[in-house]
There are 2 protein chains.
Amino acid sequence: MSSYVEENYLKAIYKLTERNKDGAYTNDIAYELNVKPGTVTEAIKKLGEKGLINYEKYKAVTLTKAGKMIAVKTIRKHRLWEVFLVEKLGFKWDEIHPMAEELEHINFEELTERLDNFLGHPEFDPHGDPIPNKDGVFSNHKSVKLTSIALNTPVVMTGIENHTTSFLQHLDKLGLKLGVQVAVKEIVDFDKSVLVSVNGKKGFYLSHDIAHNILCK
Amino acid sequence: MSSYVEENYLKAIYKLTERNKDGAYTNDIAYELNVKPGTVTEAIKKLGEKGLINYEKYKAVTLTKAGKMIAVKTIRKHRLWEVFLVEKLGFKWDEIHPMAEELEHINFEELTERLDNFLGHPEFDPHGDPIPNKDGVFSNHKSVKLTSIALNTPVVMTGIENHTTSFLQHLDKLGLKLGVQVAVKEIVDFDKSVLVSVNGKKGFYLSHDIAHNILCK
DNA sequence: TATAATATTTAGGTTTACCTAAATGTATTT
DNA sequence: AAATACATTTAGGTAAACCTAAATATTATA
Ligand SMILES: [Mn+2]
Ligand SMILES: [Mn+2]
Ligand SMILES: [Mn+2]
Ligand SMILES: [Mn+2]
């Protein structure tokens, strides 16, 4: 299996396992990678034989230590390139993901480490997601959803839980970017929408759905 | 045909056609890409159908306008990434080619143009090769081989005609890098080796073979 | 101009990564 | 516990990009 395809399977399994501790299901992997379930069965059997995942027929799969390392290193490359695209080339945070999806498969350790150095060893990517170090260790963020912040308690926006272009662009329009100070002024009883202030200034209402996808500290 | 493979065929044909104006031969393309001649025949037929090359059975192939554009754009990406790797990440000129071979296939026009801008619109790559602009136009260098420079005429080293690691590393060892001033002090009758001075200082002898691969202006 | 040498193509295979659709296994609901 | 729904696997195919080896063209040489 080409490293391109292999890395994408392992990354998908990693992502799904973060949510579902049991492991990743065939159908979910298929959905994540835009392929059909039969294709996934074939692929995960091979990854199992390679010792990269734990595969048992009809069971959810999990990553082995080796598989997890490849997944995490791919995430590291992805996020470092995203930092490069934003910090050095001036792209916006909603434009970078497709490029990083390709760049993450360029495998030269020396390139990754020099890039990391060039960028000043960033700890988080432009979406606030942590960048694992070269040994695969993540620095822990401990952020919480905006929907669980107490009233009138100022916090800093540190991340997001939805990475769609439309969500990112909407946040831009509202001036909600990483680092801004946010405070919840009111929780609307009717629909759980929240009134927020941004950097002290009088703010606006956010739907529960939006607030739920904003992370703060 | 994947853009990765397609770009490599077109690039190889471009390179071979630069030398052999008739076009590129099946066997030469095969050698260039490390594949077997039968594989090339199959590939060039498809590229012909796509309108990227002019293919006639048993004849050398040439690039169409469309094919040439893809080849040149691939070369542009390759050389821009090489500048990045040297200027920004601090790699040496003998380390960068394999990485650029991968990076050149990342196809996002906006990425290429922003990279170009970030690098200050370089005209030449770290090996002295010209970087075509986004319309595929090369700036002309007009350099000549060190073997055809008149005695005691100081010139500037601007390029090389051999890109092997061993050649590059040898030049490094001799202090022969792009931009140095070189003068031919003597041409040895016996073996056509040349005595050169470098940046005014007393120099050393270079075999004809080495001198022949050094370009000056 | 035959013959030999060399280049190119063709024929028949393989592997990878995908597909559809049928078969089978697992889970949920009556 | 059957029946039904849903998930997963299997079976059989395809297309891309490679291979080897045989067949055929072209080119060079005797
Ligand atoms: Mn991303
Ligand atoms: Mn990100
Ligand atoms: Mn190169
Ligand atoms: Mn170069």
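Fair warning: this is a prediction, and the values are worked out from it, not measured in the lab. Chain letters run A, B, ... following the sequence lines, proteins first and then strands; every chain starts at 1.
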(request) Could you identify which residues of residues 18-38 of chain B place a heavy atom less than 4.0 Å from some atom of DNA chain C, listed by residue number, or say none? (result) Y25(B), T26(B), N27(B), P37(B), G38(B)
(message) Quick check on contacts: within residues 47-59 of chain B, what sits under 4.0 Å from DNA chain C by heavy-atom distance?
(response)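 Under 4.0 Å from DNA chain C: Y55(B), K57(B), Y58(B).
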We want to know whether [X] and [Y] form a side-chain donor-acceptor pair, criterion being a heavy-atom distance below 3.5 angstrom.
X: D125(B); Y: H78(B); answer: no
X: K73(A); Y: N107(A); answer: no
X: E82(B); Y: H127(B); answer: yes
X: H208(A); Y: S193(A); answer: no
X: D94(B); Y: H163(B); answer: no
X: E32(A); Y: Y9(A); answer: no

(message) Quick check: F84(B) with F84(A) (ring centres under 6.0 Å apart)?
(response)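 Aromatic pair counts; centres sit under 6.0 Å.
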For atom [atom1] of [X] and atom [atom2] of [N], their distance in whole Å:
X: K46(B); N: dA15(D); atom1: NZ; atom2: C1'; result: 8 Å
X: I44(A); N: dT8(D); atom1: CD1; atom2: C1'; result: 9 Å
X: E42(A); N: dC19(C); atom1: CD; atom2: C1'; result: 10 Å

Answer yes or no: does a side-chain N or O of [X] lie under 4.0 Å from OP1 or OP2 of [N]?
X: S2(A); N: dA17(C); result: yes
X: T39(A); N: dC18(C); result: no
X: K45(B); N: dT10(C); result: yes

Would you call [X] and [Y] a salt bridge, taking side-chain N to carboxylate O under 4.0 Å as the test?
X: K45(A); Y: E49(A); answer: no
X: K11(A); Y: E101(A); answer: yes
X: R79(A); Y: E123(A); answer: no
X: E7(A); Y: K77(A); answer: yes

(request) Scan Y9(A) against the nucleic acid and name what it touches under 4.0 Å (heavy atoms): base, sugar-phosphate only, or nothing. (result) sugar-phosphate
(request) Compute the bend angle of the helix from dT1(C)-dA30(D) to dT30(C)-dA1(D) from the end axes (five pairs per end), rounded to 10°. (result)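 The angle, to the nearest 10 degrees, is 10°.
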